[in-house]
> 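For reference, the structure I am asking about is given below.
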There are 2 protein chains.
Amino acid sequence: MTVRAIRGDETAARVLDIAERFVQVRGFNGFSYADVAAELGVTKAALHYHFASKGDLGAALIDRYCARLAARLAALDAGCPAAVDRLHGYVGLYRGMLAEGRLCLCAMLAAEYHTLPGPMQAAVLRFFGQNEAWLESVLAGAAAEGSITLRGPARDAAVALVAGLEGAMLVARPFGDLARFEIAAASLVRSLTGDAFPGAALAGAAPARTQRP
Amino acid sequence: MTVRAIRGDETAARVLDIAERFVQVRGFNGFSYADVAAELGVTKAALHYHFASKGDLGAALIDRYCARLAARLAALDAGCPAAVDRLHGYVGLYRGMLAEGRLCLCAMLAAEYHTLPGPMQAAVLRFFGQNEAWLESVLAGAAAEGSITLRGPARDAAVALVAGLEGAMLVARPFGDLARFEIAAASLVRSLTGDAFPGAALAGAAPARTQRP
DNA sequence: GTCTATAACGAGATAGAC
DNA sequence: GTCTATCTCGTTATAGAC
């Protein structure tokens, strides 16, 4: 459980890249050091140099994942003047992962939560808190600008949206069907914006919004 | 991979009970025959008699889970005259599992999907189809009786609801906080019924509906 | 920083006695 | 139907050479 990692090391970063994909696709209990070593072309022992235990590797995985999320949320803050566009950009983050056949790292770890070492469990909870805190302020901002309608506390809407998006990925992925995600995500966003269903003949045309992963 | 199980066997049923809880709490890759054998007080070899391989055990687990679901949905059909009450009853099925610290069996297996043997994968997909088909007709019925408003196809609303509820359980469980589930579930149902947020001072008082696990 | 070698253990699964 | 005994393999992890 020694922490020898996280430093200006390029090999460690490649280990994290590979392990991250394994966790998002197969789960933390669904891959081994041998899998990572084979793909990286090194031995298992070499991996143990960078991450003494699998728990250390997992914790580093979550830390990096949270840091990357923070950067992406900051990019949305900087690039989207309207709060509602930040909201759509946020949905796009999830869509992009699913398009690669990946679950959200922490959604996977949430499923396996009770088998994880303590430090990983704590980090998973922090991840969701980080998401909800950011979303809460975005939703409050969107409500203030009049682009969405909140029927309760912004925090509650944030909690519901995170849960809904994670669930949409979870269920859509086995079907290999991105459209399933879109249906659920559109429904979630629509419950805030009140937009008509895309293509439905119920209300006026909704403004087409661009959104990329 | 021989199928020697599923018969009027009481031991097999106890094996399934124990294994089911392990899967819902720790995941299919998070427990072993040894775990089940220890809790049942038998040897691993005895388990292999009832379920030749772990994949056989897993497939039997899903089959029984789907059968039990069908019975519960039928009970809702029989016990709830109003479609909207069947909807609330359905939400209660999820709440009850989470209250026991369990994830939906097939939500867990959806996360681990890419590590599962083929027969289990197919069974997982059937489970979600079964849920969505039942919900679709309930939602269509509720729309017809005027207790909910659909902004698109009933099938889409069903897909979104299943995904949302599974996600609500997934995220709420690590926090050990049933209230997190309630927040997300209430938001999902509210997006159909249009009810005001409970206790919010935004619209007229919403009718208090009783809902039990 | 990466290697070989191996320890120490647990996994899923099988054979054959009772 | 359940047992003992065993097999084989994969797992995490460590020791020590290079």
> Whole angstroms only, please: what is the CG-C1' distance between B:Asp56 and C:dG12?
12 Å
> Is it true that A:Arg21 and A:Glu100 have a side-chain N and a carboxylate O under 4.0 angstrom from each other?
no
> Once you round it to whole Å, what is the distance between P of C:dG10 and NZ of B:Lys44?
10 Å
> Looking at D:dT2, I'd like to know if its phosphate oxygens (OP1 or OP2) sit under 4.0 Å from a side-chain N or O belonging to B:Thr11.
yes
> May I ask you to decide if the ring planes of B:Phe22 and B:Phe31 are parallel, tilted or perpendicular, using 30° and 60° as cut-offs?
parallel
> Between D:dT14, C:dG12, C:dC3, which one does the side chain of A:Val42 approach most closely?
C:dC3
> OP1 or OP2 of D:dT2 less than 4.0 angstrom from a side-chain nitrogen or oxygen of B:Tyr49, does that happen here?
no
> Atom CG of A:Leu98 and atom CZ of A:Arg180: how far apart are they, to the nearest 0.5 Å?
11.5 Å
> Measuring to OP1 and OP2 of C:dA11, would you say a side-chain N or O of B:Ser32 lies under 4.0 angstrom away?
yes
> Are the charged groups of B:Arg14 and B:Glu39 less than 4.0 angstrom apart, N to O?
no
> Identify which nucleotide among C:dA13, D:dA13, C:dC3 has an atom closest to any side-chain atom of A:Ala46, counting heavy atoms from C-beta outward.
C:dC3
> Find the distance A:Phe28:CZ to D:dT12:C1' and express it as a whole number of Å.
11 Å
> Charged N to carboxylate O below 4.0 Å: is that the case for B:Glu20 and B:Arg64?
yes
> How is B:Thr43 classified with respect to the nucleic acid when contacts are heavy atoms under 4.0 Å: base, sugar-phosphate, or nothing?
base
> What integer distance in Å separates B:His48:NE2 from D:dT4:P?
15 Å
> Once you round it to whole Å, what is the distance between P of C:dT4 and CG of A:Leu47?
13 Å
> Let me know, please, whether A:Ala45 or A:Asp35 comes out on the 5' side of the other along DNA chain D by nearest nucleotide.
A:Asp35
> What's the closest nucleotide to the side chain of A:Ala34 if the choices are C:dT2, D:dT2, D:dT11?
D:dT11
> Which whole-number value in Å describes the distance from B:Leu40 CG to D:dG1 P?
14 Å
> Measure NZ/B:Lys54 against P/C:dG12 and give the value in whole Å, please.
5 Å
> Output the rounded distance in Å from OH (A:Tyr33) to P (C:dA5).
22 Å
> Which one, C:dA11, C:dT2, D:dT12, comes nearest to the side chain of A:His50?
C:dT2
